[in-house]
Amino acid sequence: MKVFSGWRRLVFGLPLIFLLTHLFSVMELNKNSKLGEPHKQPNKKFDHLVLGPAAGQGLSNRLQCQGTKALNRTHSSNSRSGADGSITFVTVFAIYNSSLNVGDEKSSSTVFGDASYNKVGRSMALLNVFINFIQVTMPQSKVIILTDPVSDLPVRRNRVSLYPIQGEYSRDKLMLQRIRSYITFLESKLQELSWKPRNITHYIFTDSDIAVVDDLEQIFHDHPNFHLALTFRNNKAQPLNSGFIAVRGTPDAILRAKLFLQEVLKVYSSKYRNASRMLGDQLALAWVVKSKPHFDVSRFAKGLAFSEDIDGSSILFLPCALYNWTPPEGAGQFHGMPLDVKVVHFKGSRKRLMLESWNFYSSSLDISDMLCLILGSGRTKYDF
Ligand SMILES: *[C@@H]1O[C@H](CO)[C@@H](O)[C@H](O)[C@H]1NC(C)=O
Ligand SMILES: *[C@@H]1O[C@H](CO)[C@@H](O)[C@H](O)[C@H]1NC(C)=O
Ligand SMILES: *[C@@H]1O[C@H](CO)[C@@H](O)[C@H](O)[C@H]1NC(C)=O
Ligand SMILES: *[C@@H]1O[C@H](CO)[C@@H](O)[C@H](O)[C@H]1NC(C)=O
């Protein structure tokens, strides 16, 4: 895709309403000039929205788009009468001290719309959009942010609470700390349930760079027997993503989930400690699952949900294609977006697209159209 950078920078500084009208003309330009896809410039990171062609054209089970207009209705707009009230999202969020250093290149400001963000501001903006999407698609649910007791997060939102847990939240230990925090949280819930029986609350532990685009209550409803659910993809080295873990709210399931995560933590600490910055938790998850002799790894290639018993825990494996959707990085094959996608993950350099998606949704109020924006832009690398 050719870059009209000067012109676009100008457009970018204008209020959103102008940006949206101009978007369509940008798409027209792309269609007419038939230039390549954005990911063919692997090192370039964009400071403005870039739309390429939507993958999956002509596939009947994939979203079809005309620019940012969806030709299929992916989600019914009437929500399921507050059934989601029994779900709480849990995420780990920390602000790093180093991010406060001035002069550091990474802490320099980034412009989005007519606002300018430093590094902390960028993280907070993403956290707020994460919460916004949950409050739109599952308005009865709650959000709990597990955080460092020393950080004073400026989060004041309805149905959102902070839950401080002592630990090591430095960047290179964060993935390890995250599992520890999940375990501590589950232990506390188990204790609460033991002295004060209450209505069941299910927990969904997620990264905070995701958009929940449909009600997830049906996971617990359609699959009544699992203790915890993980998302899988067809990837030999990293078949499991740690960014989405659902735990049923019964005492038995919470206990099983806690024991399973303790096993993952043990493997992480003993085998993958050196990978702790990024991938250690995913490698440890995969090791715990694949090391069971009866486990059939070929099911990761099939893309259908399945259940398996691992050390007494009943684990539901859900396809990333629906519950943790992200376009493949680089030049990997890409078959578009399933019509019933539930969760979009803005991994890596897609954070600006997460904010753009929210802005687009706030003005269009149309999830399907927004999914077309994400589908057309999901392989672009952004600077945010
Ligand atoms: C999605 O929309 C396209 C274009 O209108 C149509 O051909 C296709 O049948 C639709 N798919 C489904 C599953 O409704
Ligand atoms: C960050 O700063 C606080 C207070 O200044 C300090 O207590 C804490 O140990 C620091 N954390 C890291 C990870 O350096
Ligand atoms: C538990 O659920 C019932 C039925 O949905 C409801 O009437 C009741 O108020 C709930 N109790 C609590 C403590 O939330
Ligand atoms: C981690 O890396 C260090 C130095 O590279 C090495 O000595 C150590 O054995 C590694 N530990 C593990 C658990 O692989």
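Numbers here are sequence positions counted from 1. When a ligand or atom number is given, it counts from 1 through the structure's own listing order.
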Any protein heavy atom lying closer than 4.0 Å to atom 9 (O) of ligand 1?
-> no
Would you call the rings of Phe334 and Trp325 parallel, tilted or perpendicular if under 30° counts as parallel and over 60° as perpendicular?
-> tilted
Criterion side-chain contact (heavy atoms from CB on, under 4.5 Å) on Asp209 and Leu126, from CA distance to verdict = CA-CA 7 Å; Asp209 56 351; Leu126 292 163; 5.9 Å; no
Short list, please: which atoms of ligand 1 are under 4.0 Å from a heavy atom of Asn72?
-> 1 (C), 2 (O), 3 (C), 8 (C), 10 (C), 11 (N), 12 (C), 14 (O)
Closest protein heavy atom to atom 5 (O) of ligand 1, given as residue, atom name and distance to 0.1 Å = Leu71 CB, 3.9 Å
For Ser60, the atoms of ligand 1 under 4.0 Å from one of its heavy atoms are 11 (N), 13 (C)
Atoms of ligand 1 less than 4.0 Å from Leu339 heavy atoms?
-> 13 (C)
Kindly assign one of parallel, tilted or perpendicular to the pair Tyr323 and Phe244, based on the angle between their ring planes and the thresholds 30° and 60°.
-> tilted
Between Asn61 and ligand 1, which residue portion shows a heavy-atom distance shorter than 4.0 Å: side chain, backbone, both, or neither?
-> neither
Is the backbone of Ile315 close enough, under 3.5 Å, to the side chain of Ser313 for a donor and an acceptor to pair up by distance?
-> no
Charged N to carboxylate O below 4.0 Å: is that the case for Arg178 and Asp207?
-> yes
Pair Phe295 and Phe300, ring centroids less than 6.0 Å apart = yes
Are any of the N/O atoms in Gln64 less than 3.5 Å from those in ligand 1?
-> no
